[in-house]
Number of protein chains: 2
Amino acid sequence: MAPPKSSTAKTPDPYRRTRRDHTTETAEDYVEAIDGILTEQGECRVVDLARHFAVSHVTVTRIVARLQEAALVVTERYRPIQLTEKGKKLATASRERHEIVYRFLLAIGIDAATAAIDAEGIEHHVSPRTLKRFGEIARAGQLT
Amino acid sequence: MAPPKSSTAKTPDPYRRTRRDHTTETAEDYVEAIDGILTEQGECRVVDLARHFAVSHVTVTRIVARLQEAALVVTERYRPIQLTEKGKKLATASRERHEIVYRFLLAIGIDAATAAIDAEGIEHHVSPRTLKRFGEIARAGQLT
DNA sequence: TTCAAAGTGTAGCCGTGGCTACATTGTTGT
DNA sequence: ACAACAATGTAGCCACGGCTACACTTTGAA
Ligand SMILES: [Mn+2]
Ligand SMILES: [Mn+2]
Ligand SMILES: [Mn+2]
Ligand SMILES: [Mn+2]
């Protein structure tokens with residue numbers, strides 16, 4: 001019942017996958033946050049993201065610059081941040097996945113506060129297969 | 001049904017928690033791997049860990065040095081790596097948590113290969129409450 | 001015994017995501 | 001109109017986890 005090919009196995013895959021998940025995690029969380037702020041406030045500034053993630057504005061500026069290189073956002077100096085079509089698509093996909101994970105945790109009986117915290121980390125490591133299953137269970141509602 | 005305090009909420013907690021999880025992730029995975037290799041081969045060398053994680057031996061050496069500063073392992077130059085008592089405890093806890101997450105994924109109907117990969121990333125973001133619930137569901141066996 | 005291969009260490013590079021301190025630009029109220 | 005303040009940009013630091021290249025030990029076969 002232990003994970004197949006236990007600790008010493010030549011299984012680079014899981015670790016490489018986890019590392020890759022972490023490299024895309026920032027982009028996903030940022031476009032998701034930008035999308036949400038745009039919806040609720042009409043515009044999204046660097047300072048909004050700094051507050052949202054509880055980091056300095058410098059960290060946000062550098063990350064947003066990379067998002068622009070990745071064609072996920074467009075910005076002009078001293079102007080608010082806009083999402084490209086590509087960015088909007090990624091934001092939508094990220095938000096949907098995030099919500100499925102969150103609702104799944106609620107469905108298996110986790111309290112809302114804990115579910116919100118855990119979902120923020122778990123969401124980036126859920127494969128399409130597992131996400132599908134999470135969605136089914138979430139839709140089925142309460143778990144006996 | 002969306003996560004409470006959606007995107008624009010002043011909720012630094014989840015992101016800070018996720019970041020903190022990532023800082024402890026390396027230590028947990030390493031002591032878990034060292035423990036497994038010690039069990040299966042009697043000794044654990046830098047090169048074993050490099051193979052296990054599919055990284056260079058340099059990366060392993062530097063990380064092991066930090067584990068030693070954290071009193072999780074003991075090493076002498078050119079000698080195999082040993083776990084301290086503290087290291088053994090963390091290894092055991094990490095392995096148990098890892099296996100609960102893995103078996104939970106199997107219980108909800110995920111195939112073994114996918115479960116093994118997803119568990120590697122998910123395990124570090126599961127709070128004690130959620131872990132408890134995962135354990136219950138895993139023990140309950142198949143999910144209708 | 002010796003010496004070649006395997007293992008380990010070290011120097012020095014990169015990208016990412018944190019930070020503080022300071023410079024510059026935009027905006028707004030008086 | 002302009003001064004003060006908020007927002008943004010820039011310089012430069014750190015820790016972490018990757019890497020290559022090269023130097024040094026250990027070890028085992030010949
Ligand atoms: Mn998210
Ligand atoms: Mn997240
Ligand atoms: Mn692990
Ligand atoms: Mn993670």
Side-chain angles (χ1 to χ4, degrees), chain A residues 8 12-34 37-38 41-70 72-82 120-121 124, chain B residues 8 12-34 37-38 41-70 72-82 120-121 124:
Chain A
T8 63
D13 318 35
Y15 303 106
R16 291 208 167 282
R17 239 287 305 272
T18 302
R19 283 178 232 151
R20 194 162 51 73
D21 292 343
H22 287 161
T23 68
T24 55
E25 177 165 347
T26 302
E28 291 166 352
D29 281 340
Y30 268 69
V31 294
E32 187 185 343
I34 293 167
I37 292 169
L38 283 175
Q41 306 184 191
E43 72 173 30
C44 178
R45 320 273 329 198
V46 167
V47 74
D48 296 316
L49 292 169
R51 262 194 300 268
H52 181 80
F53 291 110
V55 298
S56 75
H57 80 277
V58 184
T59 298
V60 171
T61 299
R62 202 168 357 74
I63 288 172
V64 167
R66 267 210 307 284
L67 296 183
Q68 185 155 27
E69 282 171 20
L72 293 168
V73 305
V74 178
T75 59
E76 291 169 74
R77 307 181 111 244
Y78 300 98
R79 297 274 144 223
I81 300 158
Q82 292 164 296
E120 193 57 61
H124 308 281
Chain B
T8 63
D13 319 37
Y15 303 106
R16 290 208 167 281
R17 239 287 306 274
T18 302
R19 283 177 232 150
R20 195 163 50 73
D21 291 343
H22 288 159
T23 68
T24 55
E25 177 165 346
T26 303
E28 291 168 352
D29 282 341
Y30 269 69
V31 294
E32 187 185 343
I34 292 167
I37 292 169
L38 283 175
Q41 305 184 192
E43 71 172 31
C44 178
R45 321 264 345 188
V46 167
V47 73
D48 297 316
L49 292 169
R51 264 193 298 269
H52 181 80
F53 290 109
V55 298
S56 76
H57 81 275
V58 183
T59 298
V60 171
T61 298
R62 205 171 351 79
I63 289 173
V64 167
R66 268 210 307 281
L67 296 182
Q68 185 154 26
E69 283 170 20
L72 293 168
V73 305
V74 180
T75 59
E76 292 168 72
R77 306 182 111 243
Y78 300 99
R79 297 272 145 229
I81 301 159
Q82 292 164 295
E120 191 58 59
H124 307 281

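Note on naming: letters A, B, ... go to the chains in the order of the sequence lines (proteins, then strands), and numbering restarts at 1 for each one.
OP1 and OP2 of C:dG18 both lie 4.0 Å or more from every side-chain N or O belonging to A:Thr59. Of the side-chain N and O atoms in A:Ser56, none sit less than 4.0 angstrom from OP1 or OP2 of C:dG18.
Judged as a side chain to side chain donor-acceptor pair (under 3.5 Å), and not counting sequence neighbours, the contacts of A:Ser56 are A:Thr59. Residues satisfying the side chain to side chain contact (heavy atoms under 4.5 Å, CB included) criterion with B:Thr24, sequence neighbours excluded, are B:Glu28. Applying the side chain to side chain contact (heavy atoms under 4.5 Å, CB included) rule to B:Arg62 yields no partners; only residues at least two apart in sequence or on another chain are considered. Residues meeting the side chain to side chain donor-acceptor pair (under 3.5 Å) test with A:Thr18, sequence neighbours left out: none. Listed by chain and residue number, B:Arg51 satisfy the side chain to side chain donor-acceptor pair (under 3.5 Å) test with B:Asp48 (two or more places apart in sequence, or in another chain).
Summarising the geometry, the separation between CG on A:Asp29 and P on C:dG18 is reported as 10 Å, rounded to the nearest angstrom. The distance between atom CD of A:Glu25 and atom C1' of C:dT16, rounded to the nearest whole Å, is 12 Å. Separating the CD atom of B:Glu76 from the P atom of D:dT25 is a distance of 16 Å, rounded to the nearest angstrom. Whole-Å rounding puts the B:Arg19 CZ to D:dC14 P distance at 21 Å. Spacing between atom CD of B:Glu43 and atom C1' of C:dA6 amounts to 13 Å, rounded to whole angstrom units. To the nearest angstrom, P of C:dG18 lies 12 Å from CG of A:Leu49. Summarising the geometry, the separation between CZ on B:Arg51 and P on C:dG7 is reported as 6 Å, rounded to the nearest angstrom. One interatomic measurement links the two molecules: CD1 of B:Ile81 to P of C:dG9, which rounds to 8 Å at whole-angstrom precision.
Nucleotides of DNA chain C nearest to A:Thr26 and A:Arg79 differ in position, and the one nearer the 5' end is that of A:Thr26.
Atom CD1 in A:Ile34 sits 6.0 Å away from atom CG in A:Leu67 (nearest 0.5 Å). Atom CD1 of B:Ile37 sits about 12.0 Å away from atom CZ of B:Arg45, to the nearest 0.5 Å.
Minimum atom distance to the side chain of B:Val55 is reached by D:dC19, of the listed C:dG18, D:dG9, D:dC19. The side chain of B:Tyr78 sits closest to D:dT26 out of D:dG18, C:dG26, D:dT26. Here C:dG7 is the nucleotide among D:dT8, C:dG7, C:dG18 with the atom lying nearest to any side-chain atom of B:Arg45.
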Can you give me the N/O atom pairs linking the protein to nucleotides 10-12 of chain C at distances under 3.5 Å, or say none if there are none?
| from | atom 1 | to | atom 2 | distance (Å) |
| --- | --- | --- | --- | --- |
| C:dT10 | OP1 | B:Arg77 | NH2 | 2.7 |

